[in-house]
Structure formats: structure tokens, C-alpha cells
Amino acid sequence: MIRPSPARRALLASIVLVGASLASAVAPPAEAVTVVPFSRPLSIPKVLTGPNITLTARLADVQILPGAKTRMWTYNGTFPGPTIRRPTGQTTTVTLVNNLPPEAGDLTLHNHGNHSTPENDGQPDDRLAANGGGQVTYTYTGTEAGGNERGATQWYHDHRMGLTGRNVWMGLAGMYIIDDPADPQTLPKGAFDVPLMLTDRTFDANNQIRYNPAGNVGLTGNRILVNGVPQPYFVVGDRKYRLRILNASNSRSYTLALSNGQAFTQIGTESGLLPAPVKRTEIEIAPAERVDVVIDFAKKLGQKIVLQNVAASGSLGQLMQFRVMRDLTDNSSIPSKLRALPTLDATSAVTRTFVLSRSRTTGQWLINGLAYDPDRIDAAPRLGTTETWIFKNGSSSNHVIHLHDVDQQLVSRNGVPARPWERMKESWNLAIGETIVLKVKFTDNLGKFVFHCHILEHEDDAMMAQMEVVP
Ligand SMILES: [Cu+2]
């Protein structure tokens, strides 16, 4: 039996309430639905581009499966939430309004991957948007280390202490893209630059979802959604498309491959463009990771190509279908050099080691033997210095380590130099027994930030730690 942490106890109490609210909301019993693969078009979330954005968290009935709509916790009534798309170097405010029912409690919004000050980072217990119409405005400057923040595919999601898994599962997630004129401008753009959010959910016979993680191992769903649609099709032209793929699932990892054996050209990660494109036929993507890829459908007119998840079989292995049906001229290209990485100090001021483990007595997930304590500082790097951070996975599960505030460069994984597609990121999958060595430079922002496992049931089980950047 797992002894619940305080966060866990709050979560368990809330599950009952969520279940109750959904039970009262569902329609009379309907037949369990069958999804015909590739029978519905891909949905592209609405794009918000203005400098002052409002995200209202509210209930909405969303058409996910055929038949009854699914009651979800949404931003602005859709799942995924709207895609925010902003030029780097320009200030953006995002105002979170909490109009969810009382059982949702207070909320916080984390812009995942952004270089935010602590007060704008959407911390688990600070500056909460109170239930019943409370508002919090977050300000993002779009600047970093004396210049503009790098172009990147980020995302925003709830980050409430002990309740992130529930809140994201119920629908509180969307994408946030920073456009950067310093990135090559010949890459596919406009309608050929497409965000894809992967999530998994389990639906009941009435097409409703409910958050019941049954312990702290990690919740997976029995159906995979791409931009909120089960197994969609997407009509494309015979040209290159840029796909910004986000794994917004609570705990499921995917291994992406194309059914015709064609390679993806990976051009970016969570932290923006790679130094150079890399061809890969299989790409593993763990929770919170993003891969920015180009698929070239040239000479494929008339073909149907499936984006597969070769980590699973059946419907879980068939994510979406590209139908190459439009004869188009391709004016895009992928330069051989994309974007150099920032230069970090050659020497590190400090080396810190963090071991990921699980308590033998309580089953709780731990970092350096400890559960999260908001009153404890686990690392205090000095502003402007570069440090070496080592993460070792000593547990019997994979974990996805996510550091807030700054990008990280990979020195080595299991003693081997970084592979070209993971030299700079901010969410790192560690398989059992793996060790990564990161270099991290702390710029601009003083104060406290969390770092944690992004398997949300592990995070909510207090697999989180805190750093404080000091003068
Ligand atoms: Cu974990």
C-alpha cells in the first residue's frame, strides 16, 4: 500500500469529486462507440497571435468520439486549447481566468519551455487563479541572455501542486510557438507548418473521461488522439510539411515511424532548431518532449501514409493517415545548417548529481531520496554561471526530467557523447539505468524554479525538486 503524500491525498479526494460531476453530466447510456480508422479529418486548433491573450478555463462538451460529446476542462472551450503563436522578442501577456466548477479548485498555468521569471512561471503553489472567476496575468518578455528567446515549440498546461495529472487529463493543455526571424525562413510555413498534439485517454460507454490513476505508476488511455481526434486523416500535397509534434500524454511514450519506411527529417527539439537536420526512421517521444520534423511527400501523389506508433499495436499503433491528394509546387527547403547552439562556459562552477528512485517502503517516487518540499532548496546555482547536472535513473521505471527556466545541453548519455538530435532540450527521457550529464547556464532570472519528472503521476507524487538561482 502506498502511503499518500499531502499532494497525493488532495488528489485522491478530488477524484471522487471529478467522478461525481461527470456522472451528473453524462447523457443516458449510449452504446460504446467504434472508431473507424482515418474517417475524420485532422483538427487544427485555433491560433491566437495577439500580444494580450486570455485563456478561460471552463467546462465544454467536445466532440471527440462519434456520438455523445465529452465533457472536458478546457481553455476557451476547445481541446487542445488554442495554439498561441508569438514573435520572439515581443512581450506577451496571457491572462488565465478560472471559470471551472468548484471541484477543480485553483489553477496555475505553466508555459513549458519558456524562459520566464519565477512569478510568471506558473509555479505549483504561487499566484493561483482562484476558483470562481479568479484571474492571473503572466508576462513573457520573449528575451533571453541579452537577446531574443530562440524560436521554439513550447506548450502551456496546468501545473497545480499534486493535481497536474488530473488537470491535464481533463483537458488543460495547448501549444505555444515562438517564431524567430533568426531561424531559416525557407522551412515550410503557413498551412504547411502543422502542430500535432498526441494524447491518450480512456472513454466510458457514454464517451466520458475520468481521472483515476489507481496509484502512482502513471495513467495511460486506451485510445490515442491527435489534436483531440482519434486516428484522423490529413489531406496533404506532394511537398514538404513541417510537423511540430508534442507528446502531451500523462505517461505514455510513443515511437514514431512512417508506414512506408520513409525517414523523417528532424529539424528541432523542445529548445528550437538543431544545428543541422537529421534523418531518422524511428523517433521515440516521451511525455512533454517535442520533435520538430519535416516529411517530404514529393512523388507520393495518390498515396496514403500512416504515422505509426511502433511502440504499440492495434489502434494504438496507427496514429493518423496522410492522404497525398493535392498537386502542389514546393517553395520550401531545408538548409544544411539550421541554428547554432548557444555557447556555454567551458568549465562548470559546480557539479550536482540527482538520483531518481522509488521508496522501498512507501512506493513514492523520489529525487535524491526525497519527496518535494516547497520549503527546501535542493540546488542554489549562481546567476550567470554554468553548472553540470547529472541525472541517474536508479529506479525500475523510465522518467522524464524537465528543468524549468533554462535550456540544457547534453554532454553525454550513458558515457556516450550526445546524439545529434538531443544536444539541447529541456525534457529528457531516462530509461531504467540511464545517466545523462547536462550543462546548464542560469541567465537573467533570480529566484525559485521547480524541476521534476514529467510523467504526471510521478510529478504529483512529489517527484519534484526546487532550485533557487541566487546572485
Ligand atoms: Cu517519473
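The model shown is predicted, which means the values in this text are computed figures rather than measured ones. We count ligands from 1, going down the list as the structure has it; atoms in each ligand are counted the same way. When reading the values below, keep in mind they use all heavy atoms of this one structure, side chains included, and skip hydrogens, waters and symmetry mates.
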key: Salt-bridge contact Glu434-Arg413 (side-chain N to carboxylate O under 4.0 Å)   = yes

task = Before accepting this row, confirm whether a basic side-chain N of the pair Arg290/Glu426 lies closer than 4.0 Å to the acidic partner's carboxylate O.
result = yes

request  = Give a yes or no on this: more than 12 heavy atoms of other residues, nucleotides or ligands lie within 6.0 Å of atom NZ of Lys392.
outcome  = no

ask   = Under the 6.0 Å and 45° cation-pi test, does Arg58 pair with Trp73?
value = no

Candidate list His458, Glu459, Glu457, test side chain to side chain donor-acceptor pair (under 3.5 Å), partner Asn250, passing option = Glu457

query = Is the closest basic N to carboxylate O distance between Asp125 and Arg160 below 4.0 Å?
reply = yes

task = Give every protein N, O or S atom lying under 2.8 Å from the Cu ion (ligand 1), naming each by residue and atom.
result = His399 ND1, Cys453 SG, His458 ND1

